[in-house]
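Report on the following structure.
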Amino acid sequence: MLLQQLLNGLVLSGLYLLLSLGLALIFGVLEIPHFAFGAVAVTGGYVGYVLVNLLGLPVWAGIALAVVISAAIGVLLDLLPYRDVNKLPPLNAFIVALGLMTFLNNTLQLLFGPDQVQIKLHGEQLVYLGQLVLTELRVALLLVAIVIMVVTWLILRRTKIGIAVRAVAANREAAALMGIDIRRISAFVFAYTSAIGAVVGIIYGGLYSLIPTRGDNLIFFGFAAIVLAGMGNLMGTIVASVILGVFQAFMIGYVSSAFSTVAVFGLIILLLILKPMGLFGKEVRR
Amino acid sequence: MKASIKPGIILPWLMIAVAFLIPAITSNSFYQSLFIVTFIWIIVNQGFNIILGYTGYCSLVQGGLYGTAAYITAILTTAYGTSPWVAALVAVCAVTVLSLLLGLVVFRTYGQFFAILTLVMGLALYELFKNLEITGRDVGIAGVPSLLPASWPAVSYYYLVLLIMLGAVAFALWLRKTRLGYALRGIGANEKLAASVGISLYKYKIAALVLASVYSGIGGVLYAYYMNFVSPEPFSVTASLYMLLAVVIGGTGTIAGPIVGSFLLVFLPAWMQELEAYQLTIYGLVVILMIRFMPRGLVSIGSYVKGTSPAESAGQ
């Protein structure tokens, strides 16, 4: 029972991990608090829903196409609402993100209505690991989360564009002076993270269900993880996602599911009181 | 509002006169209720402006505090039979104390961390409204009495809210010229500089949050007595976001800004009713466009309204 809850928690963690990975990348590199990321993920999920459920594409093709479309949406976001937004005061970037979130939520609502939809990913068969049980889809989610983490790490460490991304994160001006095209890096980061967002949205839509405003819930947990970690800290983000997912699963399993969200928020508040810059953030005295 | 040619002092007084005459001009109760709701938003948004516009701290717990005051009012009057004015007083005091406690905690962070931490607190409050037995879960609490005796004409509540709103705006105007007001704006303009000239940041920032929350609390109480009903939805994080949008669209750090923003917040949706489904989509677009192309808000077009030179708020 305990191990099963732990495993359930890890599945949730995988979801939060992917979300917070995207947020941490965008914040770490571009300094944008991309609050609309949850809405972008849900948009990707709905694209998947159209492709798989309505147009009847095979699941793998639907996911692949949705990921490409979502990446294109990411580039659009970079070019339109977020263009040069980090030159404005930080609060303005935050408000742009909130505006974008409202816009996406309600556009989805106009297109698809308020009712929940489930993406037909199948994968209901049970997988037994000793005494523990998971559905195929949950196993797939865990594997996908791990693969995306590793791929992201490899891109950042081993590819030319990844090294450029890290250079921009470390020092924007210096990176620009070294001839790195900041606009291109920015577009790449948005495309890449939006692609991850689509994966999250589709898996979430298959595992649970999608409604147009689902992104709000997702984003709060994603943000909670990166705030807990200390914003922009990738390794810390992994640890924080695991803590949140496992904690929430235990709350659902042993206390009450109605209060699990409150409890998670309480935990975040408590941890931030103790460590205002996050668990792994640098302490800055002002 | 735009057509004013004469600068200065006349316009505000003219608007106040019009506000007093509204019930005489239109007996349409739909319009009267729009005005009451607008006045409540003006109160809440003036408060939001004190924390956001002056100190630059974006406190997204205000919607939750607004709701807390409304719920305390509703619980006291329905479950405990407390008299309406006593309940109102208790609710505002409770929110004041709560905000003081929150302030001790949240100002350990700054910038976006502050915005996110207060957002999380607002969410936690909303989740509590939705899940606690005493707040009536998803259903809410019905049967909240009226603040004024039932024998008084319905229009008296309009005037009560109007007077409280004017008092709230007058206080905000007065605050600007006090030591506290200058200190808060100093923090917003340049926090390090403010500290270096001896402004005690922690104390003043908590004072700003508490003041803002008193405004939110008063707004929440007036809302509960007006609707005679409270439910979780109006107090979700969206409420805080609406405050943020109204203040930013109107003009951050100005007195006129929150007033203009509140009118837009209430009247635009009411006039766009055929477009109801598109409302929030348009809203999101407007916010993005405003912040990109007119970051100082609508009042920056006409800096003639008294005491609202946009240059003053340039620190934002």
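Per chain, numbering begins at 1; letters A, B, ... match sequence-line order. Model, not experiment: these values are computed from the prediction.
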Parallel, tilted or perpendicular: which one describes the rings of A:Phe250 and A:Tyr254, with boundaries at 30° and 60°?
parallel
The interface call for B:Leu244 against chain A, heavy-atom contacts under 4.5 Å, is side chain
Under 4.5 Å to a heavy atom of chain A? For B:Val120 that would be both
For B:Glu133, the salt bridge (charged side-chain N to carboxylate O under 4.0 Å, His left out) test, sequence neighbours excluded, returns B:Arg137
How are the rings of A:Phe221 and A:Phe265 set relative to one another: parallel (under 30°), tilted (30 to 60°) or perpendicular (over 60°)?
parallel
Under 4.5 Å to a heavy atom of chain B? For A:Tyr82 that would be backbone
Among A:Leu104, A:Leu98, A:Val85, A:Ile95, the residue with the most heavy-atom pairs under 4.5 Å to chain B is A:Ile95
Notebook entry, point to check: Does the ring center of B:Tyr215 lie less than 6.0 Å from the ring center of B:Phe48?
Noted result: no
Okay, A:Leu100 and chain B: the region with an atom under 4.5 Å from a heavy atom over there is both
Cut-off 4.5 Å, heavy atoms of chain A, and the answer for B:Leu125 is neither
So salt bridge (Lys or Arg N to Asp or Glu O under 4.0 Å) across residues 85-112 of chain A, not counting sequence neighbours, yields A:Asp84-A:Lys87
So, the part of B:Leu60 with a heavy atom under 4.5 Å from chain A: the answer is side chain
So, the part of B:Leu241 with a heavy atom under 4.5 Å from chain A: the answer is side chain
message = Which label fits B:Phe114 and B:Tyr57: parallel for a plane angle under 30°, tilted from 30 to 60°, or perpendicular past 60°?
response = perpendicular
